[in-house]
Amino acid sequence: MPTITLPDGTTRSFDHDTTPLEIATGISEGLAQCAVGARIDGELCDLTAPITEDANVKIVTARKGEKESDPDALELIRHSCAHVMAEAIQRIRPEAKLVYGPALENGFYYDISFEGTAPLSSEEFDSIEKEMTAIIQENRPFSRYELSAEEGMKKLLAEGSKYKIDNANRAIEAGSDALTWYATGEPTEDWEDLCRGPHVPTTGKIGAFKLQSIASSYWHGDADSDNLTRVYGVAFVHKKQLKKYLKLLEEAKLRDHRVLGKKLKLFHIDEQVGQGLLLWTPNGAVVRQELQNFISEELKKQQYSQVFTPHIGKLDLYRTSGHYPYYQESQYPPLIDPDQLSTLASEGCTCGDLSNLMKEGDIEGYLLKPMNCPHHIRIYASSPHSYRDLPVRLAEFGTVYRWEQSGEIGGMTRVRGFTQDDAHLFCTEEQVASELIGCLELVKIIFKTLGMHDYKVRVGLRDSDSDKYVGASEQWDKAEDACRKAAESLDVPWIEEPGEAAFYGPKIDFIVNDVLGRPWQLGTVQVDYNLPERFDLTYIGSDGKEHRPVMIHRAPFGSMERFIGVLIEHFAGAFPTWLAPEQVRVLAISEKSNEYANTVLQALRAKGIRSTVDTCDERIQAKIRNGADLKIPWLLIVGPRDAEKNNVSVRKRGLLQDLGAVEMETFVNAVAEEIASRGSCPALETCFPGNDFSEDT
RNA sequence: GCCACCGUAGCUCAGUGGUAGAGCGCAUCCUUGGUAAGGAUGAGGUCACGGGUUCAAAUCCCGUCGGCGGCUCCA
């Protein structure tokens with residue numbers, strides 16, 4: 001005799017087992033019409049799920065008129081759409097073996113095996129979508145049925161799909177004593193799939209969908225296992241939502257740093273130079289230089305010492321640090337003395353022999369540095385230290401090289417050579433906590449100045465099952481605790497993640513998503529008890545005895561390459577004035593005003609403002625458009641009227657209209673101040689106080 | 001590294017076996033125009049690279065390099 005409590009607190013009692021559908025129908029026919037599922041005591045279920053006991057029930061609805069759909073409804077629709085897609089694909093390609101097809105935050109996919117036959121091609125999307133549309137129009141019910149584990153396995157073995165058998169075995173191992181199928185239509189007659197559910201009641205509830213892309217994946221995510229074809233798609237309650245989403249994706253593409261990087265000439269990657277090796281073109285170099293200046297100023301305030309170190313170091317250095325033995329496969333191969341190499345060659349030394357000799361330390365080579373820490377450590381070790389000197393903070397924009405997997409490289413966010421805004425802090429055990437907090441402060445200042453508020457904080461801890469970590473377990477405990485406490489000091493939410501630690505210690509990472517929703521690790525702060533041990537670093541304590549310092553590695557930007565890649569997307573290429581490669585462009589109305597335009601240009605340049613003048617043989621409309629296209633923050637239109645009064649007519653990027661004329665000197669000073677203050681004294685307010693300008697759309 | 005797709009002018013892209021195309025950009029000229037594209041003319045290509053099939057390859061096949069989307073990895 002279940003009593004049902006609804007979200008508004010009202011209750012309904014039944015004298016028989018009920019279902020969400022019956023509850024919805026009891027409330028109103030309209031509710032039942034748009035119901036697609038339910039949450040029963042918090043668990044997402046089918047509309048026909050039996051309710052035998054008292055429960056809290058929330059009906060999940062999909063209404064076509066709604067602006068925002070219930071995420072639960074979208075999940076049901078997307079998971080169901082994955083089934084419809086799988087059915088359509090199997091109609092066209094009967095040999096396709098289904099593996100796994102879940103809903104995602106932004107859509108769904110189905111992993112499918114085409115073993116031995118041609119894999120699916122996106123050219124087949126049209127015909128698949130046609131089949132899907134037909135299945136949806138037939139408005140067939142999703143019918144759930146259940147078999148005992150034993151019976152179910154018998155059925156699966158008879159059908160012979162190793163993937164589904166595996167899925168079932170996993171379900172049984174996880175404690176399930178029954179297996180469930182969802183047929184699209186009549187059980188045993190229509191298409192069906194082993195599936196835990198839940199699903200929408202009928203295929204017709206899938207209001208709008210689109211297949212997006214084809215990719216590949218590994219079975220169980222294991223690179224040595226079968227290669228599967230993954231088909232991605234999206235589904236919504238209504239066509240309008242789909243259209244809106246697709247438009248959003250289009251817009252995201254225009255913000256992509258790879259697209260903007262070309263358009264705004266920020267960086268270049270050249271086939272002849274090498275994959276993943278970034279060339280900073282003049283515009284991008286300006287952005288990078290400005291950011292480096294910014295961070296250098298902050299470092300001075302925090303009593304860091306600037307150092308410079310070379311790009312290579314002896315192999316033995318990296319044997320000591322552990323990098324060479326532990327991460328050999330992600331380093332560029334060592335550089336070896338040419339004479340030694342030819343001697344070895346004449347002795348018939350093979351590549352394998354060479355590798356072994358290097359591993360054993362029998363021959364010496366040089367390594368392109370994969371990290372800056374060993375060099376900084378040797379700087380620390382170059383002179384004795386008293387506890388009074390600590391903490392020692394050594395900072396360098398240090399370029400490192402890593403042999404990233406070729407399939408991973410792309411744009412500015414994953415490269416093989418990159419410059420970290422690196423620093424290593426050597427401190428006492430007692431200083432760790434406050435130094436960590438100081439590092440996090442720096443990260444916060446940077447993110448705040450740049451207006452980046454949408455980041456995640458992750459505390460990476462060791463994975464107790466793995467043996468890739470170095471150092472004693474008590475040290476790890478201490479270090480992990482210090483990280484938790486430091487993260488606590490940030491007033492932003494953070495998560496702990498076991499297995500995300502560096503091999504030498506735990507860390508605090510800052511993670512930002514790119515326009516396509518892919519997460520990137522930017523800033524990082526890492527505690528390290530291990531390297532001081534390996535390099536036998538010491539300081540003399542107040543007791544006159546030698547003690548071991550603790551190291552902190554930190555890079556608030558992470559790497560200049562990745563950070564600026566994400567930053568380009570953050571600003572959609574429209575950098576604030578202080579970062580913009582070209583800050584002001586002077587547009588002459590006609591040739592008659594070229595001279596005055598040049599006067600204005602000289603005034604700007606005298607203040608160090610990065611500016612150009614456009615005296616080309618075009619009308620002012622075209623000049624404005626060109627300047628706006630390049631996302632230049634300020635365009636100054638100057639003609640005879642302005643020259644007469646020593647004025648400039650101002651156009652600010654992102655604002656709909658021209659702002660009218662202002663005295664040249666006023667403008668130049670205001671922009672110079674905005675730049676010097678890194679945006680905290682906006683020139684707009686200085687030049688046009690009290691005006692409320694509407695944003696361009 | 002693995003799987004799929006892609007590589008044509010500086011950029012964005014058309015071109016399905018028979019003389020290499022468009023728009024933007026660039027250059028020159030006309031135009032001297034007051035707030036998001038004025039007009040004309042012209043230059044510009046080893047169709048990524050190497051091999052193969054063919055009377056004939058940008059086009060079909062193989063390999064390499066590079067890009068893209070995933071997967072795996074990411075000190």
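What's counted below: heavy atoms across the whole structure, side chains too, no hydrogens, waters or symmetry copies.
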A:Thr399 and its side-chain hydrogen bond (donor to acceptor under 3.5 Å, both in side chains) partner, picked from A:Thr419, A:Thr309, A:Asp422 | A:Thr419
OP1 or OP2 of B:rG33 under 4.0 Å from side-chain N/O of A:Lys623 | no
Charged N to carboxylate O below 4.0 Å: is that the case for A:Arg402 and A:Glu404?
-> no
Describe the nucleic acid contact of A:Gly221 in one word from base, sugar-phosphate, nothing, applying a heavy-atom distance below 4.0 Å.
-> sugar-phosphate
Mind checking A:Leu531 for me? I need base, sugar-phosphate or nothing, with any heavy atom below 4.0 Å counting as a touch.
-> nothing
Using a 4.0 Å heavy-atom cut-off across all strands, classify A:Tyr109 as base, sugar-phosphate, or nothing.
-> nothing
On a plain distance test, is the side chain of A:Tyr218 in donor-acceptor contact with the base of B:rG70 below 3.5 Å?
-> no
Any side-chain donor-acceptor pair under 3.5 Å between A:His323 and A:Gln331?
-> no
Rounding to 0.5 Å, atoms CD (A:Glu396) and CD (A:Gln420) come to a distance of 9.5 Å
Side-chain atoms of A:Asp617 come closest, of B:rU31, B:rG34, B:rA37, to B:rU31
Would you kindly check whether a donor in the side chain of A:Ser216 faces an acceptor in the base of B:rG70, or vice versa, at under 3.5 angstrom?
-> yes
Identify which nucleotide among B:rG33, B:rA36, B:rC71 has an atom closest to any side-chain atom of A:Ile589, counting heavy atoms from C-beta outward.
-> B:rG33
Touch check for A:Glu618, heavy atoms < 4.0 angstrom, all strands: base, sugar-phosphate only, or nothing?
-> base
For the ring pair A:Phe563 and A:Trp520, is the centre-to-centre distance below 6.0 Å?
-> no
Can you check whether A:Arg258 has a side-chain N or O nearer than 4.0 Å to OP1 or OP2 of B:rC68?
-> yes
NA contact type, A:Arg518, heavy-atom cut-off 4.0 Å: base, sugar-phosphate, or nothing?
-> sugar-phosphate
Which of the following nucleotides, B:rU32, B:rU12, B:rG66, is nearest to the side chain of A:Gln275?
-> B:rG66
Select one nucleotide: of B:rG70, B:rU32, B:rG1, the one nearest the side-chain heavy atoms of A:Ala215.
-> B:rG70
Heavy atoms under 4.0 Å, any strand shown: does A:Leu659 hit a base, just sugar-phosphate, or nothing?
-> nothing
Looking across every strand, which nucleic acid part, if any, lies under 4.0 Å from A:Ala502 by heavy atom: base, sugar-phosphate, or nothing?
-> sugar-phosphate
Touch class at under 4.0 angstrom, heavy-atom based, for A:Ser649 against every strand present = base
Can you label the angle between the A:His311 ring and the A:Tyr401 ring as parallel, tilted or perpendicular, going by 30° and 60°?
-> tilted
What orientation do A:Trp403 and A:Tyr332 show, parallel under 30°, tilted 30 to 60°, or perpendicular over 60°?
-> perpendicular
Using a cut-off of 4.0 Å on non-hydrogen atoms, how would the nucleic acid contact of A:Asp658 be classed: base, sugar-phosphate, or nothing?
-> base
Could one point to a donor on the side chain of A:Arg625 or the base of B:rA36 with an acceptor on the other under 3.5 Å away?
-> no
Any luck finding a side-chain donor-acceptor pair between A:Tyr504 and A:Gln526 under 3.5 Å?
-> yes
Considering only the C1' atoms, how many Å lie between B:rC55 and B:rA48, rounded to the nearest integer?
-> 27 Å
Which part of the nucleic acid does A:Tyr326 contact within heavy-atom distance under 4.0 Å: base, sugar-phosphate only, or nothing?
-> nothing
Between the base of B:rC74 and the side chain of A:Arg414, is there any donor-acceptor pair under 3.5 Å?
-> yes
Ignoring hydrogens and angles, state whether a donor on the side chain of A:His268 or A:Asp270 is under 3.5 Å from an acceptor on the partner side chain.
-> yes
Spell out yes or no: do the side chain of A:Glu591 and the base of B:rU32 have one donor N/O and one acceptor N/O closer than 3.5 Å?
-> yes
Answer with base, sugar-phosphate or nothing: what part of the nucleic acid does A:Ser330 contact at a heavy-atom distance below 4.0 Å?
-> base
Where do A:Trp476 and A:Pro506 come nearest, in terms of heavy atoms and distance?
-> CZ3-N, 3.5 Å
Select base, sugar-phosphate, or nothing to describe what A:Gly410 touches, counting heavy atoms under 4.0 Å on all strands.
-> sugar-phosphate
Look at all strands and tell whether A:Gln621 reaches a base, only sugar-phosphate, or nothing, counting heavy atoms closer than 4.0 Å.
-> sugar-phosphate
Testing B:rG34, B:rC71, B:rA75 for proximity to the side chain of A:Asp642, the answer is B:rG34
Annotated structure of RNA chain B as dot-bracket, pair cut-off 3.5 Å, Watson-Crick or G-U only, | for inter-strand, is (((.(((..((((....[..)))).(((((.......))))).....(((((..]....)))))))).)))....
With a 3.5 Å cut-off and just heavy-atom distances, do the side chain of A:Arg230 and the base of B:rA4 make a donor-acceptor pair?
-> no
What string of B, S and - do you get for nucleotides 40-51 of chain B, 5' to 3', when a contact is any protein heavy atom under 4.0 Å?
-> ------------
